[in-house]
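Please read these numbers as outputs of a predicted model, since none were measured by experiment. Numbering of residues begins at 1 and proceeds along the displayed sequence.
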Amino acid sequence: GGFLGFGGGVAFKLRVDMTHLHLAYDERKEMAYLQDYPISGQLEGMYDEIKADPSAEKKYFTTLYLDDWERKVSRVVKPVVNWPDPGQKWAGEPVAFLSCQVGYPNTDGAIQWDGHVFQRTDPPEAGWNTAMAMKKATDVTNAPSGWKPDQTFIKRQVHFTEPPSELENPFVRIAVEKNVVDLDPGENGTLTSDLNLEVRVDNVGALNVGPIFLNVDLENTKQVVEVTFQAEGKTADGNDRPPVKFSWKFEDQAEPRFWMIFTGQPDFIPRYKYQVRVIVKGSLFTKGMEWTGPWVDAAANGPIMVSVPTQEEAVSTKSLVPGAPSYALPAAQPSAPPARPTTRRTPVSAAPPAQPRAREAQPTGANRILGWSPVPSSRPPASRAVPAAPGNGGGTEMFSGFSEHAPSS
């Protein structure tokens, strides 16, 4: 419009564009599977053929086993092992890890394996569950011998680590005769229908002796007891098992000892023997000696108190003085042994030595075994006579292995 002769105008134009788009995609595929026996569209005669021969169903239909099908063969496996303590390598069993395999045949009869490994870092409640779809016996061709649908094949192994050396701990001796032990020997292991299974280390045939103590108390640092142990039987290589040795001293006699052998032989029987050697140290002015007891048979695992023989019970004894003879102790005779002369020291001075007073005493203990008696006699028995060495001033034998001589002037 205008105003006072002046004109003008304003125009506005609005446009709205809207687009609606709908996308759809539809695809259909037809898949065909080749069968050994084709099926015609009319399925003529198939029913009659299957009815006459039920095994002919495999000519036309195949069976698909679903993993979540309710019919399953399940197994639960638990490890039973005393894992070694990293701070004390001798504590526990020297096991690196345990392994278990479970096998089940497929429709062609080939065994399909599933496995698991148990390690020291696993929690205490660690276990392994496995399951597979159960098949009918008629669905498996070339099935393994003796197999049944509810059975699985089990292969369990124990893998040992390197045992600690004797230098790491003098109170422990551990031996591993076989690094890998098959608890289920054979190509396919053990066929079983058990649900709960264990992998036990003690099934490898172990000898566990300890704690080991002595039945005597050592009185001072000069007394030492050595005990040699040896397990009975042969190793897997057919060799004798090597002996091991423990030593008891005055300062560590209260410390228990432990001895373990892992043989890898499930039929191993824990039998062993031990022998004790007693040492009494001498000094620059006194004579020492030692004696060895007989071999003692023992059996069974667990604690043992070692019987330390006295000198009278020894099978051999010897002096620790260089040059002194060693000998085996004779068997005790029922009759009284011949008398031996008493000993006396010859002093360096010219004064005559005092004569000892004779005592009437019966030989006891080591004197009885050695054939020595304190009762004076005119001469020693020929079997015990010790000739005097030239230049030593002569001497008489106190008991075998020990002799005293007067110093030469």
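- Heavy atoms from other residues, nucleotides or ligands lying under 6.0 Å from CD of E251 number more than 12.
- Among residue pairs with one or both ends in residues 185-198, those qualifying as salt bridge (Lys or Arg N to Asp or Glu O under 4.0 Å) are E198-R200; sequence neighbours excluded.
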Would you be so kind as to tabulate the donor-acceptor pairs closer than 3.5 Å made by side chains of residues 16-27, with sequence neighbours excluded?
residue: D17; atom: OD1; partner: R15; partner atom: NE; Å: 3.2
residue: Y25; atom: OH; partner: E27; partner atom: OE1; Å: 2.6

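- Within the model, atoms CD1 of I279 and OG1 of T292 stand 8.0 Å from one another, a figure rounded to the nearest 0.5 Å.
- Checked against side chain to side chain donor-acceptor pair (under 3.5 Å), D122 has no partners two or more places apart in sequence or in another chain.
- With sequence neighbours left out, the side chain to side chain donor-acceptor pair (under 3.5 Å) criterion links D184 to R156, T190.
- Atom-to-atom distance recorded for K155:NZ and I111:CD1 is 8.0 Å, nearest 0.5 angstrom.
- The side chain to side chain contact (heavy atoms under 4.5 Å, CB included) search around D48 returns none, not counting sequence neighbours.
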Assess the residue pair D139 and T107 against the criterion (side-chain hydrogen bond (donor to acceptor under 3.5 Å, both in side chains)); give the C-alpha distance rounded to whole Å, side-chain angles, the decisive distance to 0.1 Å, and a yes or no.
CA-CA 6 Å; D139 295 338; T107 56; over 6 Å; no
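- Applying the ring pair (Phe, Tyr, Trp, His ring centres under 6.0 Å) test to pairs two or more places apart or on separate chains, those with a residue in residues 216-244 are F229-F246, F229-W259, F229-Y274.
- Note on residues 224-238: pairs passing side chain to side chain donor-acceptor pair (under 3.5 Å), not counting sequence neighbours, are E226-R277, K234-D240.
- Qualifying ring pair (Phe, Tyr, Trp, His ring centres under 6.0 Å) partners for F268, counting only residues two or more places apart in sequence or in other chains: none.
- Minimum heavy-atom separation, E313 to P294: O-CD, 3.8 Å.
- Two residues are said to be in side-chain contact when any heavy atoms from C-beta on lie closer than 4.5 Å; V81 and L98 meet this criterion.
- To the nearest 0.5 angstrom, I154 atom CD1 is 5.0 Å from L197 atom CG.
- Pairs engaging residues 143-153 under the side chain to side chain donor-acceptor pair (under 3.5 Å) rule: R75-T152 [sequence neighbours left out].
- Between P266 and V204 there is no side-chain heavy-atom pair separated by less than 4.5 Å.
- Side-chain N/O atoms of S99 and H159 include a donor and acceptor closer than 3.5 Å.
- Remark: side-chain polar atoms of Y104 are paired, donor with acceptor, to backbone N or O of K135 under 3.5 angstrom.
- When all heavy atoms are compared, the tightest approach of V77 to F118 is O-CZ, 3.7 Å.
- Residues satisfying the side chain to side chain contact (heavy atoms under 4.5 Å, CB included) test with E162, not counting sequence neighbours, are none.
- Among residue pairs with one or both ends in residues 160-190, those qualifying as ring pair (Phe, Tyr, Trp, His ring centres under 6.0 Å) are F160-F262; sequence neighbours excluded.
- Between the R241 side chain and the N239 main chain, no donor and acceptor come within less than 3.5 Å of each other.
- Under a 3.5 Å cut-off, the side chain of D108 and the backbone N or O of A110 do not form any donor-acceptor pair.
- Residues R257 and D252 have side chains in contact (heavy-atom distance under 4.5 Å, counting atoms from C-beta outward).
- For the pair Y272/V209, a side-chain contact is recorded, criterion being any heavy-atom separation below 4.5 Å from C-beta on.
- Pairing each heavy atom of P79 with each of A126, the nearest pair is CD-O, 3.5 Å.
- In this structure, a donor-acceptor pair under 3.5 Å is present between the side chains of E312 and T310.
- A cation-pi arrangement is not found for K78 relative to W128, the charged atom failing to lie both closer than 6.0 Å to the ring centre and inside a 45° cone about the ring normal.
- Rounding to the nearest 0.5 Å gives a distance of 4.5 Å between CG of L218 and CD of Q253.
- The closest side-chain heavy-atom distance from W248 to V227 is below 4.5 Å.
- Proximity of a side-chain donor or acceptor of E93 to a complementary backbone N or O of N82 within less than 3.5 Å is detected.
- In terms of heavy-atom proximity, S74 sits nearest to L195 at O-CD1, 2.9 Å.
- Within the 4.5 Å cutoff, the side chain of F250 has no heavy atoms near those of the V225 side chain.
- One finds the CE atom of M305 at 7.0 Å from the CG atom of N215 (value rounded to the nearest 0.5 Å).
- The 12-atom threshold is not exceeded at CD of E57, counting heavy atoms of other residues, nucleotides or ligands nearer than 6.0 Å.
- When all heavy atoms of A206 and N301 are compared, the pair lying nearest together is O-ND2, 3.6 Å.
- When the side chain to side chain donor-acceptor pair (under 3.5 Å) test is applied to D182, the partners found at least two apart in sequence or on another chain are Q157.
- Going from atom CZ of F153 over to atom OG1 of T192 covers 11.0 Å, rounded to the nearest 0.5 Å.
- For the pair V117 and F97, the tightest heavy-atom approach, listed with the atom from each and the gap, is CG1-CD1, 3.6 Å.
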